[in-house]
Structure formats: C-alpha cells, structure tokens
Amino acid sequence: MTATAAGMLIGASSDFLKRFSPFNGMEPPALDFLAERAVLAFHVRGSEILTPEMGQPRHFHIVQRGKVQARQFSPATVTDYTTMTLGPGECFPIGAISAQRPSTNSYVAVEDSFIYQLSAEDFLKLMQMSPVFHLFCTQYIASLLNQSRQQLQTSFAQRAAEQQTMTTPLGELVKKEAIFVAPGTTIRAALEKMSEMRLGCMVIVDGEQRPVGILTQSDLLSRIVLPAIDLQRPISEVMTRDPHRMPASASAYDAALEMATHGVRHLLVTDSDDRLTGVVSERDLFSLQRISLRQVRAGIEGAADVEGLQRASRDIRQLALNLIAQGVGAEQLTQFISALNDALTRRIIDLAAASHDIHGIDYAWLAFGSEGRHEQTLSSDQDNGVIFVSPPDGREAVRKRLLAFAREVNENLAACGFPLCKGNIMASNPELCLTVEEWRGRFGDWIREPDPQALLNASIFFDYRVLCGNERLGDQLRAWLNNTARANTAFLRMMAVNALQVAPPLGRIRDFVLDDDGTIDLKKCGARLFVDVARILALRTGVASSSTVQRLRQAGAKMGMQAEEIAALIDGFHFIQLLRLRSQHLETEHDSPGDNRINPDELNELDRRILKEAFRQARKLQLRLKLDYQL
C-alpha cells in the first residue's frame, strides 16, 4: 500500500489529536475535517501568537509541541489565573473565537513551538459538525460565566459569613434529636410532652418514623380548646395531615422560601428515606440571618386594612434589598419577592372580597407578565385579570359584580406600591374579566390569525398563572392553549419573528451597543430576550410552567439540549436579573424611569465581562430560534 505525503501528514495530525480531549471523543468525520484543514505553524521562542490588539482572532490554535504562555490583559482579574502555560493538546482562544471578538489574553511562545491553526470559519463549521466539540466549547463558556459569578459573590466578602449561614443545609441546622409521637397517642399525652419539652409543635409519625401529621401551638385554640375535644381522643383526629417537609440537603434559603410561600412556621426535615430527622422553625431561620421574614409574613396576615398592607409592602422591599446586599442569587430573590407579593395580593383580595357581593361565583384571579412567571423585581406594575364560570344566564350581571370587586383590588394594589398598568392590563378592565369561553376565544383569535403587533402586545398573557381562586380554571385553559398553539406552526413562527426583533446589545467594534443616553435597558434588551424565546419553546413542547427558567429547563430537555448548555443559558438570564435588582432602589417607586437601565462604563471590569457573556448566551438562544424557523 502506498500513501501520499499529504495523506501521511493528515494521518499524523489525526493520530496526535486522538491523544487529547475533546478530540479523542470526536466523531470520525469531524476529526477528519479538523485534521485535513489544520495547518502546522512554527513560532520562535518569545514571539507573540495572539494579542488583544490583533483584533478578532482569525485562527483557532492547538499546541502540537512547545509551550505557550497566556497572560490576562484586563485591569481586573476575571479568571482564577493571570498567567497560564499551555502545552501539547491544549487550545485557545475558545471564548474569543466563539463570540467573534478580540481576545482578552495575549499568547506568547515561551519555547520554540509548533501549533496547529484552524481558520475561524472552519472552527465554526466544526462546532456545527461535532456535538462533542460543540459541548466542549459551550462548557468552557459556561465555566467562565460560573467562575466569574463566584468572584462576583466574593466582592460581598464583608457579608460572606451571613450568606454562608443561609446556604447551610437544613441537616446541619437540626441540633436536637427529633421528638415525635404515634398517631394513636392521646391528645393529653402529646400536649404534656410538648409542655415538658417546651416544643412549639408536635410531629406525628408512622411505624417507619415517616411524618404523617403535625400539631402546632397555634392549632390548640381552634382545634382543641374551643371545640372542647376529649383529651383522651387520639392526636391523629386533630393534627394537620401531610405536613410540609424538606430533605436535609435543602438549604436554609429553600426553607425560608417554602415558609414564605405557604405561610407555615415549621418545616420537617427528613432523610433520603423520608424519615423524620428534626424540625426547623421560622425562629431558627430568623436567628440565623436576622431577616424579618416572620415580621413581614405576620404583617401581611395580620393586616386589617390598606394602611397595614402598605407597611408590609415596604417591609418586603426592605427585606429584598437586604438579601441583595448579602449577595443572594437572582433566582431566590425573585422567588422571594414573588412569594411575598403573592401573599400581599391574596390578602388584598380577601379584604376586598369581604365587602363585595361575589360569594358563590366560581372565579380565579390571574397574574400575567413577570408576576405570572414568578419573576417580579422591585419594579413591577400590575398585570392581572379574572377568569370566571358563567351561569346559564346573567353573565353580564356576574361580570359587573366581579369588576366592582376587581377595581377595589387594583386600587389597593396601587396604594401598596404596584402602579396601575398604563396599558390597562388589569382585572378591572371589562376586556380582561372574561368567562372561560371568552378567554379561549381571545387566545384563539391571536393564534388563528396572528398579527405581529397584536401578538407583541399580547405576549404577556401567555405567561399567566392563577394567584387566587379556582386553580382548575387556569389549568384547563392552559391545557387547551398548549394544544392549540402547538398545532399552529404559523403562529409559533410569528412569535419567533417578534422574539427576534431585539438583538443582544453586543457590538463588533465596541463591547456594547448603547442607547443615545449611553445606557442599556436590561429589561428590553436583556431579560426579555430569554423570556420571549422560553415562552415559544414552552408552547412548542407543551410545557405548562410559566417560569422562564423552568420553561428553559423542561422544554430544553424535551428538545434534546445538553444540560450544560441549558445551565449556561439560565446563568446568563439570572445574572441580568441580578443586575436589574441591583440597579433598583428602595427610595424609587415601582416602574420608575431608569429602573432597568445601567451604564456599562460604570460597571467594574468583572461585571462587564459577565454581562457580555450573558448577552452571548441570549444571542445563542436567538440563533437556535432562527435556525428552527428559518428566519
């Protein structure tokens, strides 16, 4: 057998590459493509191979022999190294060539070195050809983003100790051995044990020590004292069944969020077999972090009028800002804010319902937009509506009663710091107080005859959830909506066209593309890009969740996206949300001008770097949409 010189060189290149990751796992056609097109270049010791001044890299490099030193040229350290030596099999500059921007490092040969060069064009083709290589590059970018985020958190060093406490696993917070009784224990015996041990609650477990119920001190008056229950009766007759529980691996933040969401003051901690290991109380978390979660929740539940709820609203904002100052992540923050705002809104609804004639009406209060997605920041106005079941006759009479009730709710929400919606997307608007059939008709019109501007205006309606009332009404509408939307590709394509109207503000010459005032709108040009694409992916794959992160996770998995790729997208979204929260202040009103604007020049180098990576993740998400719909 004979071989040409070119063929032998290609074979030698392929043999070399197979010794190193990720090339040793690449698909044979992709490896052949790389070996055929890579050109071996020689760099004498001390020569510059690539610097930021050279502009956008024209080649992807793989060290074949020798050593190359990478040195950061940024004024701030944005990775865990300032210099790093690369040897055979290592490659550069992945981030710069993927994002088509100048390198932030300089690369100098510290020995006489032979280096394979692959053109930037062929590098991008290789990413498309090889899932293995694509994943390798994606992980690199995600790793950089994660590394930078960790460094961001260290900038809150003076508060690190407090932050640490709230990330503590619940298992470490349980200091006392679990105390419990069996379901057949008499009420008297259980109460005597509570008194003797000075317990705020008693847990009831089955024969396998798995929790089946709980009785708290606050239950005693209504369940035992006032009904004059015979104390010889078993405690199972008065306990709360199926108590809230969390695994020992969950964090204190998770527990605080669970308590805030469900309004409970005790959480049972269980092991991997769901056996009781202890109890964590709201007091335990309160003493940990000194957050006034208990006060905020009690303020909401105990408020008898709008004035009391106004104080609770201010407390929610103060609590959220305290958490921001402690470096808490955007996902937990927005969930905290949404959970407490939910409780506030429900209390406002309860107070209004008591003074209106809506008893017996089968209805649900709908939250749209950011509230519907559990993504409220400190700057959110009202977006809500009502869905109701129409009686055989008298639909308009029922609507009239609901509108009067909704008007008071909208006004009281405004009094508590949630401005009336300028676009009148509120439940007191007759066009948004509709029967189940009317809502189907409204969504059906948008889906069957999609008009770009109408769809743009209507997009937030697809992010609804039931905040109060009959949840089944919302679930039934969601099931119908997903089935109808999924079957109409023209509608989804029009949604995709709308989602691509705004591009991430990244420039080829400057780092960022700025508005005339030198700022970037992080809501319009940042978070919204993720939200819009996630909504389309959810409708396409039938995902019921209204949360952007859950939509990306669930729809991405259904579409076969790699977990690392999804995680990088979510990291990017969370960082933009965090910057939005950091730019909002207690002193400003909701939805104030400039609430979502930042001047990149005022960010430190680290924040700028992370923000650029986040925008690149948004661009990547949009690119997927372009390819899917051939736009």
Side-chain angles (χ1 to χ4, degrees), residues 1 3-43 49-50 56-66 68 70 86-101 103 105 107 113-146 556-569 572 613 616-617 619-630:
M1 177 180 288
T4 64
M8 292 176 66
L9 285 173
I10 291 171
S13 300
S14 182
D15 290 343
F16 167 80
L17 292 169
K18 285 177 183 174
R19 292 165 48 198
F20 303 98
S21 176
F23 313 110
N24 56 357
M26 278 172 57
E27 305 77 1
L31 187 62
D32 291 344
F33 176 88
L34 172 58
E36 289 170 9
R37 286 164 174 75
V39 176
L40 198 59
F42 174 71
H43 298 271
I49 304 169
L50 179 65
Q56 191 173 314
R58 292 184 296 145
H59 294 99
F60 171 66
H61 304 266
I62 307 169
V63 180
Q64 195 255 14
R65 196 190 319 165
V68 174
L86 306 175
E90 294 184 287
C91 43
F92 61 93
I94 299 172
I97 199 165
S98 298
Q100 301 178 16
R101 57 165 170 78
S103 170
N105 292 349
Y107 296 89
S113 301
F114 288 89
I115 297 178
Y116 285 114
Q117 294 180 340
L118 182 72
S119 73
E121 184 180 352
D122 285 338
F123 170 86
L124 296 175
K125 287 180 183 174
L126 188 63
M127 280 189 70
Q128 293 178 343
M129 287 178 64
S130 170
V132 173
F133 189 62
H134 184 275
L135 180 61
F136 170 74
C137 296
T138 303
Q139 284 178 328
Y140 173 83
I141 296 168
S143 168
L144 181 62
L145 186 62
N146 188 48
K558 287 188 174 187
M559 295 166 60
M561 293 169 66
Q562 297 288 335
E564 295 82 359
E565 187 179 355
I566 296 171
L569 294 170
E613 292 295 343
R616 289 184 189 112
Q617 293 299 325
R619 184 160 63 189
K620 189 174 170 184
L621 197 56
Q622 287 194 336
L623 180 61
R624 171 176 283 273
L625 209 58
K626 282 183 184 177
L627 294 173
D628 288 349
Y629 291 97
Q630 298 296 302

If you define the side chain from C-beta out and look only at heavy atoms, does anything of [X] sit under 4.5 Å from [Y]?
{"X": "Leu126", "Y": "Met26", "answer": "yes"}
{"X": "Arg624", "Y": "Met561", "answer": "yes"}
{"X": "Phe123", "Y": "Cys137", "answer": "yes"}
{"X": "Leu627", "Y": "Gln128", "answer": "no"}

Strictly under 6.0 Å, is that where the ring centroids of Phe33 and Phe133 end up?
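Here the rings of Phe133 and Phe33 have centres that are no less than 6.0 Å from each other.
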Under 3.5 Å, is there a donor-acceptor pair between the side chain of Glu90 and the main chain of Gly87?
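It does hold such a pair.
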As an exercise, state the distance from [atom1] of [X] to [atom2] of [Y], rounded to the nearest 0.5 Å.
{"X": "Glu36", "Y": "Ser13", "atom1": "CD", "atom2": "OG", "result": "10.0 Å"}
{"X": "Leu17", "Y": "Tyr116", "atom1": "CG", "atom2": "OH", "result": "6.0 Å"}
{"X": "Glu121", "Y": "Lys125", "atom1": "CD", "atom2": "NZ", "result": "4.5 Å"}
{"X": "Arg37", "Y": "Asp32", "atom1": "CZ", "atom2": "CG", "result": "10.0 Å"}
{"X": "Glu564", "Y": "His134", "atom1": "CD", "atom2": "NE2", "result": "12.0 Å"}

What are the two closest heavy atoms between [X] and [Y], and how far apart are they?
{"X": "Phe16", "Y": "Gly89", "result": "CZ-N, 3.9 Å"}
{"X": "Ile94", "Y": "Phe136", "result": "CD1-CE2, 3.5 Å"}
{"X": "Leu31", "Y": "Ser14", "result": "CD2-OG, 3.6 Å"}
{"X": "Pro57", "Y": "Ala120", "result": "O-CB, 3.9 Å"}
{"X": "Asn105", "Y": "Ala70", "result": "ND2-CB, 4.3 Å"}
{"X": "Met129", "Y": "Pro29", "result": "CE-O, 3.9 Å"}

If you count the non-hydrogen atoms of other residues, nucleotides and ligands that lie under 6.0 Å from NZ in Lys558, is the total more than 12?
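Yes, enclosed.
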Check the orientation of Phe114 and Phe42. Use parallel for under 30°, tilted for 30 to 60°, and perpendicular for over 60°.
tilted
Out of Ile115, Leu118, Leu34, which residue meets the side chain to side chain contact (heavy atoms under 4.5 Å, CB included) rule with Ile62?
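Among the candidates, only Leu34 passes.
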Val132 and Glu27: side chain to side chain contact (heavy atoms under 4.5 Å, CB included), yes or no, with the steps?
CA-CA 8 Å; Val132 173; Glu27 305 77 1; 3.3 Å; yes
